[in-house]
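Letters go in sequence order (proteins before strands), and every chain restarts at 1. Worth saying up front: this structure is predicted, and the values here are computed from it rather than measured.
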Protein chains: 2
Amino acid sequence: MMRISEAAQHSGLSSKMIRHYEDVGLIQPAARTEAGYRQYSPAQLDQLGFIRHARSLGFSIAQIRDLLQLRDNPRRASREVKQLAQKHLQELDQQMLALKKMQAMLEDLVARCAGDDSPDCVIIDELSDSGETGNE
Amino acid sequence: MMRISEAAQHSGLSSKMIRHYEDVGLIQPAARTEAGYRQYSPAQLDQLGFIRHARSLGFSIAQIRDLLQLRDNPRRASREVKQLAQKHLQELDQQMLALKKMQAMLEDLVARCAGDDSPDCVIIDELSDSGETGNE
DNA sequence: CTTGACCTTACCACTATGGGAAGGTTCAAA
DNA sequence: TTTGAACCTTCCCATAGTGGTAAGGTCAAG
């Protein structure tokens, strides 16, 4: 059994976040010592590691909740896991698209801005324009 | 002079957000009618439009605050504007990079997951792994 | 016994946005 | 004139994820 700071180090999460995940019901409340200190079993350490991995792939807490359920269900169909992952991939795609649009527009503006001592600036001008930005 | 809902429609922002921008000091407090209703001048409408454009390019409130200052400074150097924009471009790049990493890892997992009725699932397996995720 | 390093809970902050409640205003129609 | 719809106001709450801090308890070493 490990205390929370050890569990944090071990899993790559912060103590803060581990408590938070418990608060929001992502993980079961940890066992406590008589003094009220949280204690983590190896199984829970695994779970925390799982969470960190999933977070690093950008899964939301809600999605991780589902993933954990699937993980702990020996009769799961990998189809369900895959679908969850694919849904997240779509979200990542949308975010990429949004970023790309911004990038393209901003790069265009930057390229057309002299960037010298003069106050004339396409960036300011186009942002001031009442026209559209290219977003739908 | 327009009321807030008209200013919202005109600028593409929501009334909610216009009030919020006033709260956080992004825009000057609007004039008020005797009854306390906010009133927006054409100049303020321009400013609101500017804010919407900048937001659509992903600039943060803090960055827009700087942009507005530059916009309202007739002795600005376009260099400053360009630098601000370039800094934001870098941020966009970093976000893109992060997304791409996630995407690549997740795509790999998804490709290797059968997605059938069997419980065997690489996604679950790799997330459960105590090893690294590829992030530094 | 004291000190330092931990632990606990309970707040507040951030970014940007939305929702809603409770109450006031304006204007037009009945 | 009254009433009702459609506004407006402020204030609080929620989202998602993370960090910080403060006030207090615990534990082990010196």
Counting just side-chain N and O atoms, does [X] come under 4.0 Å of either OP1 or OP2 of [N]?
X	N	answer
T33(B)	dT25(C)	no
S14(B)	dG18(C)	yes
R55(B)	dT17(C)	yes
S5(B)	dC8(D)	yes
Y21(B)	dA16(C)	no

Could you check how far [atom1] of [X] sits from [atom2] of [N], rounded to whole Å?
X	N	atom1	atom2	answer
I4(A)	dG25(D)	CD1	P	20 Å
M102(A)	dA16(C)	CE	C1'	12 Å
I64(A)	dG17(D)	CD1	P	7 Å
R38(B)	dT25(C)	CZ	P	15 Å
R32(A)	dG25(D)	CZ	P	16 Å
D23(A)	dC11(C)	CG	P	12 Å
Q39(A)	dC6(C)	CD	P	16 Å
K16(A)	dT21(D)	NZ	P	9 Å

### Task
Have a look at S15(A) and say if it touches a base, only the backbone sugar-phosphate, or nothing, with a 4.0 Å heavy-atom cut-off.
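Contact class for S15(A): none.
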### Query
With a non-hydrogen cut-off below 4.0 angstrom, is R19(B) in contact with a base, only sugar-phosphate, or nothing?
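Base, at least one base heavy atom under 4.0 Å.
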Of the candidate nucleotides [options], which contains the atom at the shortest distance from the side chain of [X]?
X	options	answer
A35(B)	dT25(C), dA16(C), dC6(C)	dT25(C)
I61(B)	dC7(D), dA16(C), dT18(D)	dA16(C)
Y37(A)	dA16(C), dG25(D), dG17(D)	dG25(D)

What protein N or O atoms touch nucleotides 13-15 of chain D N or O atoms at under 3.5 angstrom, if any, and at what distances?
none

[X] and [Y]: which non-hydrogen atoms are nearest, and at how many Å?
X	Y	answer
L92(A)	M102(B)	CD1-CB, 3.9 Å
D72(B)	P74(B)	O-CD, 3.3 Å
L106(B)	L57(A)	CD1-CD1, 4.1 Å

### Message
Does atom CD (Q9(A)) have a neighbourhood of more than 12 heavy atoms from anything else shown, all under 6.0 Å?
### Response
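For Q9(A), atom CD is not crowded (no more than 12 foreign heavy atoms under 6.0 Å).
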#### Entry: Close side-chain approach of Q47(B) and Q28(B), heavy atoms under 4.5 Å
no
### Message
What's the separation between atom NZ in K100(A) and atom CG in L99(B), rounded to the nearest 0.5 Å?
### Response
10.0 Å
### Message
Within this structure, what is the CG-CD distance for the pair D66(A) and Q63(A), rounded to the nearest 0.5 Å?
### Response
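CD of Q63(A) is found 7.5 Å from CG of D66(A).
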### Query
Would you call D23(A) and R19(A) a salt bridge, using N to O less than 4.0 angstrom?
no
### Query
If you find the nucleotide of DNA chain D closest to E34(A) and the one closest to G36(B), which residue's nucleotide is nearer the 5' end?
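Residue closer to the 5' terminus by nearest nucleotide: G36(B).
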